[in-house]
Amino acid sequence: YKFLFDKNQKVSLQQTGLDDNSRYYYEGDYKIVSQTDDVIVIECSFSTSDGTSSPTYLLEYNIDDDSFMCTDSSGGPNFIATKKI
């Protein structure tokens with residue numbers, strides 16, 4: 001999973017399959033759902049260009065250790081991601 005945040009609350013997602021390295025691309029919007037001194041929760045809503053898929057992810061950014069916990073709203077696996085600049 002590679003999330004790319006852009007201005008105007010736009011976000012892109014690139015998924016790479018582990019079994020065959022196939023790639024899937026999504027475009028969407030993000031919004032900050034909540035924010036404390038330690039954690040920022042960001043909701044990312046995507047869709048494919050053909051409209052066949054529209055996943056939503058919650059990214060919980062931990063400011064202290066600079067990491068993200070990603071939750072798939074459709075029940076997929078949760079995972080920890082790191083930030084790259």
Side-chain angles (χ1 to χ4, degrees):
Y1 291 76
K2 185 183 290 187
F3 294 89
L4 302 169
F5 293 91
D6 203 355
K7 58 186 173 184
N8 299 323
Q9 287 75 42
K10 297 296 181 188
V11 63
S12 300
L13 171 62
Q14 175 186 324
Q15 287 180 302
T16 304
L18 296 177
D19 52 344
D20 62 359
N21 286 327
S22 58
R23 291 195 177 163
Y24 302 93
Y25 299 93
Y26 300 89
E27 299 293 328
D29 301 299
Y30 73 89
K31 65 181 177 181
I32 295 175
V33 177
S34 65
Q35 184 172 355
T36 66
D37 290 338
D38 302 329
V39 175
I40 300 170
V41 178
I42 304 165
E43 181 183 79
C44 300
S45 300
F46 297 100
S47 63
T48 55
S49 59
D50 62 3
T52 58
S53 180
S54 56
T56 299
Y57 296 91
L58 283 179
L59 299 175
E60 188 173 297
Y61 176 60
N62 185 315
I63 295 167
D64 292 334
D65 65 6
D66 203 27
S67 69
F68 290 88
M69 171 61 77
C70 183
T71 304
D72 182 347
S73 67
S74 65
N78 298 344
F79 58 91
I80 295 174
T82 57
K83 181 175 82 170
K84 292 186 178 183
I85 296 178

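Nothing here was measured: the structure is a model prediction, and the numbers come from that model. Quick note: residue numbers are just sequence positions, from 1.
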If we only count heavy atoms from C-beta on, is the Thr56 to Glu43 side-chain gap below 4.5 Å?
yes
Assigning hydrophobic clusters by single linkage (Ile, Leu, Val, Met, Phe, Trp, Tyr; side-chain heavy-atom cutoff under 4.5 Å), is Leu59 placed with Phe79?
yes
So Asp29 and Val11, do their side chains get closer than 4.5 Å, heavy atoms only?
no
Using the side-chain contact (heavy atoms from CB on, under 4.5 Å) definition, which of the options Thr71, Val33, Val39, Ile42 pairs with Glu60?
Val39
If two hydrophobic side chains count as joined below 4.5 Å and joins carry through other members, does Tyr25 share a cluster with Phe46?
no
Testing Tyr30, Phe5, Phe3, Phe68 one by one against Tyr61 for a ring-ring contact (aromatic ring centres under 6.0 Å, His included), which residue passes?
Phe68
Could you report the tightest heavy-atom contact between Asn78 and Asp72, atom names first, then the distance?
OD1-N, 4.0 Å
Above 12 or not: heavy atoms from other molecules or residues under 6.0 Å from CG of Asp37?
no
Intermediate values then yes/no, side-chain contact (heavy atoms from CB on, under 4.5 Å), Asp64 and Asp38
CA-CA 6 Å; Asp64 292 334; Asp38 302 329; 3.9 Å; yes
Would you call Asp6 and Asn8 a side-chain contact if the rule is heavy atoms closer than 4.5 Å?
no
Donor-acceptor contacts under 3.5 Å from residues 12-19 side chains, at least two apart:
from, atom 1, to, atom 2, distance (Å)
Ser12, OG, Glu27, OE1, 2.9
Ser12, OG, Glu27, OE2, 3.3
Gln15, OE1, Tyr26, OH, 3.3
Gln15, NE2, Tyr1, OH, 3.2
Gln15, NE2, Tyr57, OH, 3.3

Enclosure of Ile80 CD1 (heavy-atom neighbours >12, cutoff 6.0 Å):
no
Between the side chains of Asp20 and Ser22, is a donor N or O closer than 3.5 angstrom to an acceptor N or O?
yes
Does any non-hydrogen side-chain atom of Ser67 lie less than 4.5 Å from one of Asn62?
yes
